[in-house]
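We name chains A, B, ... by the order of the sequence lines, and we start the count at 1 in each one. Given the structure is predicted, the values throughout are model-derived calculations rather than measurements.
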Number of protein chains: 2
Amino acid sequence: EKVVVSGVTYNKDEAKISVLRVPDRPGIAALLFKPLTEAGINVDMIVQNISHDSHTDMTFTVTKTDYKRALKLVKEIGDKIEAKEVVGDPNIAKVSIVGAGMRSHAGVASRMFEVLAQEGINIMMISTSEIKISCVVDIKYTELAVRVLHKEFGLGKDDIGEEK
Amino acid sequence: EKVVVSGVTYNKDEAKISVLRVPDRPGIAALLFKPLTEAGINVDMIVQNISHDSHTDMTFTVTKTDYKRALKLVKEIGDKIEAKEVVGDPNIAKVSIVGAGMRSHAGVASRMFEVLAQEGINIMMISTSEIKISCVVDIKYTELAVRVLHKEFGLGKDDIGEEK
Ligand SMILES: C[C@@H](O)[C@H](N)C(=O)O
Ligand SMILES: C[C@@H](O)[C@H](N)C(=O)O
């Protein structure tokens, strides 16, 4: 299908926090996000993949400004959600390809992943929406990732920007 | 902040496929999605969370029609991406809350997760974008999930619909 990749965006103001090996049962996700809401912490990405032996990890991103406060808060509620461990990493950036009409992400995704791989940029997390594929990478690779994605998708200077 | 949740969408035509414990090094994601693209398989969600001992799981969703073909293909390339196992589940649905101005997902997410928990609906996967929070649940809960989310966010009859 004719996919129109219209831009590359990046966000260097993110930090990720993961709660490891929480029980995969109803109510756990609610127990994690309610205190964050009450503390007025802005959450951007939320990612959870399938579980193993009824446990899974949940990761979310916050602004770098909120990182220390959010990490402290989540560590305090770790017991309530029976998390084995709570870990964080502020040295990340989110790099995204945006394109309307991505009925399938496979084609654009494979090009995006290939280009990052050629530069030795490891993909730490992936999340998609109808019009977007986002990868979390080490913050040191932000400019390189944006540059090679821009070239791969033949984008103009104006098609790159910080995520609003 | 004043979040406008404008709708609830659902998609009962999804099936998920996971490659388990792939090495977390550049190139693996590209090796997985290139053959899917070449086979013309439409991929919707792609989710990868953080890794443990340099390995991680990658999950993606396809249409129920493509499920058997996609699962067979991914099992064939499992060795190439050093996956410990390839598993799938066609009995899923994606249920999403859509809202412009969600500067933070935390508030809407915690209400969404709470409402699903009260009905005993387990959240199998989570993925977000700027305007959307999507949860993968057992397909048998689709209508119940949509009904209780519709009520929680005070939406009108027209604000519910199948994902386009
Ligand atoms: C892990 C967490 O998402 C859990 N499955 C829940 O429904 O809350
Ligand atoms: C697991 C996979 O995403 C790997 N990190 C890669 O960059 O391809």
Same cluster or not: B:Val95 versus B:Ile131, using hydrophobic residues (I, L, V, M, F, W, Y) connected whenever any side-chain heavy atoms lie under 4.5 Å apart? no
Evaluate A:Thr128 against B:Asp44 for side chain to side chain contact (heavy atoms under 4.5 Å, CB included), listing each step before the verdict. CA-CA 8 Å; A:Thr128 56; B:Asp44 179 29; 5.6 Å; no
Would you find a donor on one side and an acceptor on the other, under 3.5 Å apart, between the side chain of A:Gln48 and the backbone of B:Ser127? no
Between A:Ser129 and B:Ser129 the two heavy atoms that sit nearest each other are CB-CB, 3.2 Å
Answer yes or no: is there a donor N or O on one side and an acceptor on the other, between the side chain of B:Thr37 and the main chain of A:Ala106, under 3.5 Å? yes
Proximal component of B:Met58, with respect to chain A [non-hydrogen, under 4.5 Å]: both
Decide whether B:Val136 and A:Phe33 are clustered together by the hydrophobic rule: side chain heavy atoms of Ile, Leu, Val, Met, Phe, Trp, Tyr closer than 4.5 Å, transitively. no
Among the clusters formed by ILVMFWY side chains lying less than 4.5 Å apart, do A:Ile17 and A:Ile41 turn up in the same one? yes
Could you tell me which portion of B:Glu38 (side chain, backbone, both or neither) has an atom closer than 4.5 angstrom to a non-hydrogen atom of chain A? neither
What distance do A:Arg21 atom CZ and B:His52 atom NE2 have between them, rounded to the nearest 0.5 Å? 9.5 Å
After noting the C-alpha distance and the side-chain angles of A:Asp24 and B:Asn122, does the key distance pass the side chain to side chain contact (heavy atoms under 4.5 Å, CB included) rule? CA-CA 7 Å; A:Asp24 185 19; B:Asn122 192 47; 3.1 Å; yes
Heavy atoms only, distances under 4.5 angstrom: which of B:Met112, B:Glu119, B:Glu114 has the most pairs with chain A? Name it, please. B:Glu114
Which atom names give the shortest non-hydrogen contact between A:Ala30 and B:Ser110, and what distance separates them? CB-O, 4.4 Å
Decide yes or no for A:Met124 and B:Thr56: does some side-chain heavy atom of the first lie under 4.5 Å from some side-chain heavy atom of the second? no
Please classify the contact between B:Ile121 and chain A as side chain, backbone, both or neither, with a heavy-atom cut-off of under 4.5 Å. backbone
If one checks every heavy atom of B:Met45 against chain A at 4.5 Å, the contacting part turns out to be both
About how many Å separate CG of B:Leu31 and CZ of A:Phe113, when rounded to the nearest 0.5 Å? 12.0 Å
Let me check something: do A:Val8 and A:Leu144 share a hydrophobic cluster, defined by ILVMFWY side-chain heavy atoms less than 4.5 Å apart, either directly or through other members? yes
Hey, which of B:Ser18, B:Ala109, B:Ser96, B:Pro35 has the most heavy atom pairs under 4.5 Å with chain A? B:Ser18
Same apolar cluster: B:Ile50 and A:Ile139, side chain cutoff 4.5 Å: no
Taking A:Thr59 for the side chain and B:Asn49 for the main chain, is one N or O donor matched with an acceptor at less than 3.5 Å? no
Top contributor to chain A contacts, counting heavy-atom pairs under 4.5 Å, from B:Asp89, B:Asp57, B:Leu36: B:Asp57
Just so I know, are the side chains of B:Val47 and A:Ile126 near enough to count as touching, which here means a heavy-atom distance under 4.5 Å? no
Under 4.5 Å from any heavy atom of chain B - which part of A:Lys34: both
Could you state the interatomic distance from CE (B:Met125) to CD1 (A:Ile46), rounded to the nearest 0.5 Å? 14.0 Å
